[in-house]
Amino acid sequence: MSNGIDDYGVSGIVQCEIDIESGEKLTPSKTIWTGSGGRYLESPHMYKINGKYYLVAAEGGTEYGHMVTYARADSLYGKFEGYENNPVLTNRNLGGYEVQGVGHGDLIQDNYDNWWLLHLGFRQSGQWEAYHHLGREVFLTPVIFGEDGWFTAGDNGRTTKSFEINYINNDVIQKEKKHYTFENTKWDNDWCYLRIPNKKNYKLDKNKLILKGTDITLDDVDSPTFIGIRQRDFNATISCNVEITDGEAGITLYMDENHHYDLAIRKCENGYEAIERLNIGDIKSVEKSIYLENKNNISLIINASNSYYSFSIKSENEESILGYAKTRYLSSEVAGGFTGVVIGLYACASNSFNYAEFTNFKCMYK
């Protein structure tokens, strides 16, 4: 079952039988539901609940018009009848509300027989700032089945930041993680690479990271020496001590190869300097540089808020601010895509290999 065009030329949610072992198609493809009228009908999921078949889908695209819709039938093969109040869940009409782009829902049932929609959505950076740079996130919205077998979701079909419900058992405790370090994260779980990394350029220790930089940079559609952790909330302080032998190394706020902000230390003609560089589409600019009297024990610091990043360095007891940049230029609305900003540690060198050592990494959410 998928979205597409069936063997008779009808587009919608298409179904056919296959041989599970070989994947061989056994019956003609047939469209069983054409959706509720929204664009980009996709992501169908089928459930059998109390003798009925529920077909849950996404419509509207993974943007501000996103929504969850569904239909129901007595047979796996239809005829499927759409829910009369579709969409069953959407925030498309909530202008200025933080949670947007609600869609791609999965029906799940917990251990206490309560039903939920586990779905995607995103948070825009401000009430009247229709930009989002954190990427899509997972939300949990309560579902209630009526006596007629149709279900409703959320607060009158909307996902709010929180719900007041009385049927979650007292032994369910949500633990929110606010602080991320080398020591309390796992390299193979919390961290990610760009494309296919050359593992020889990485030494991953419990409390230290050593990167071997190459001539591949963050601007290349390739795999620079880079390892990153996703930005999970708006307000945070990100810091790390960095030492280099040559080339350049630092922290990047990375959306893609054309959109990233870099705070780094690099070798220059007379020694070493700290730089703040902004990469926004075709515009690539070193906004400020500070000459370093001593390249050792340099701490790079980024403070993040909903609308701005600030960049500074700390040497011994002195902290210097290099500048600021708006978060919106790393958003999906500007850069495209929907994966969100990744906080990356990277190294590169144009003419020689650069060994960079990263210690005391902290990402502290407020």
Between [X] and [Y]: side-chain donor-acceptor atoms closer than 3.5 Å:
{"X": "Y324", "Y": "E276", "result": "no"}
{"X": "E243", "Y": "Y272", "result": "no"}
{"X": "T31", "Y": "D6", "result": "yes"}

Between [X] (side chain only) and [Y] (backbone N and O only), is there a donor and an acceptor less than 3.5 Å apart?
{"X": "K212", "Y": "K200", "result": "no"}
{"X": "Y64", "Y": "A130", "result": "yes"}
{"X": "N184", "Y": "H179", "result": "yes"}
{"X": "Q100", "Y": "E63", "result": "no"}
{"X": "N241", "Y": "T359", "result": "no"}
{"X": "D19", "Y": "S22", "result": "yes"}
{"X": "W187", "Y": "D205", "result": "yes"}
{"X": "N306", "Y": "S125", "result": "yes"}
{"X": "S332", "Y": "G337", "result": "yes"}
{"X": "N279", "Y": "D219", "result": "no"}

Answer yes when [X] and [Y] have at least one side-chain N-carboxylate O distance shorter than 4.0 Å, and no when they do not.
{"X": "D233", "Y": "R123", "result": "yes"}
{"X": "E59", "Y": "R92", "result": "no"}
{"X": "R72", "Y": "D148", "result": "no"}
{"X": "E176", "Y": "K178", "result": "yes"}

Inset, instruction - Can you see which heavy atom on L41 is nearest to which on G35, and at what distance? - result: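 Closest pair (atom of L41, atom of G35, distance): CD2-N, 3.8 Å.
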
Inset, instruction - Search all heavy atoms of Y193 against all heavy atoms of F226 and return the closest pair with its distance. - result: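 That would be CD2-O, 3.5 Å.
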
Inset, instruction - Identify whether L194 and L345 are in the same connected component of the hydrophobic contact network (ILVMFWY, side-chain heavy atoms under 4.5 Å). - result: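 Looking at the clustering, L345 is in a separate group from L194.
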
Legend entry - Cluster link L218 to I302, ILVMFWY, side chain under 4.5 Å: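 Each belongs to a different hydrophobic cluster.
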
Legend entry - Nearest-0.5 Å distance, OG of residue S36 to CD of residue E84: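 S36 atom OG to E84 atom CD measures 13.0 Å (nearest 0.5 Å).
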
Inset, instruction - Using a cut-off of 6.0 Å, state whether more than 12 heavy atoms not belonging to I165 lie near its atom CD1. - result: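 Yes, because the 6.0 Å sphere around CD1 of I165 holds more than 12 heavy atoms from other groups.
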
Legend entry - Y254 and its ring-ring contact (aromatic ring centres under 6.0 Å, His included) partner, picked from H133, H259, H260: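 The passing option is H260.
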
Legend entry - The single option from F145, Y47, W115, W33 passing ring-ring contact (aromatic ring centres under 6.0 Å, His included) against Y54: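 Of F145, Y47, W115, W33, ring-ring contact (aromatic ring centres under 6.0 Å, His included) with Y54 is met by F145 alone.
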
Legend entry - Summary of salt bridge (charged side-chain N to carboxylate O under 4.0 Å, His left out) pairs that have at least one residue in residues 250-269, sequence neighbours excluded: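 Every pair satisfying salt bridge (charged side-chain N to carboxylate O under 4.0 Å, His left out) with a residue in residues 250-269: R195-E257, D262-R277, R266-E273.
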
Inset, instruction - Using the side chain to side chain donor-acceptor pair (under 3.5 Å) rule, take S299 and S239 through it: C-alpha gap first, then chi angles, then the decisive distance, then the call. - result: CA-CA 7 Å; S299 181; S239 61; 5.0 Å; no

Inset, instruction - Quick one: do F122 and F139 satisfy ring pair (Phe, Tyr, Trp, His ring centres under 6.0 Å)? Show the steps, please. - result: CA-CA 9 Å; F122 58 79; F139 292 80; 9.1 Å; no

Inset, instruction - Verify whether the ring centers belonging to W191 and Y202 lie closer than 6.0 Å. - result: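 Here the rings of Y202 and W191 have centres that are no less than 6.0 Å from each other.
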
Inset, instruction - Could you give me the CA-CA distance, side-chain angles and deciding distance for K25 and D7, then say whether salt bridge (charged side-chain N to carboxylate O under 4.0 Å, His left out) is met? - result: CA-CA 12 Å; K25 184 177 175 182; D7 289 345; 3.1 Å; yes

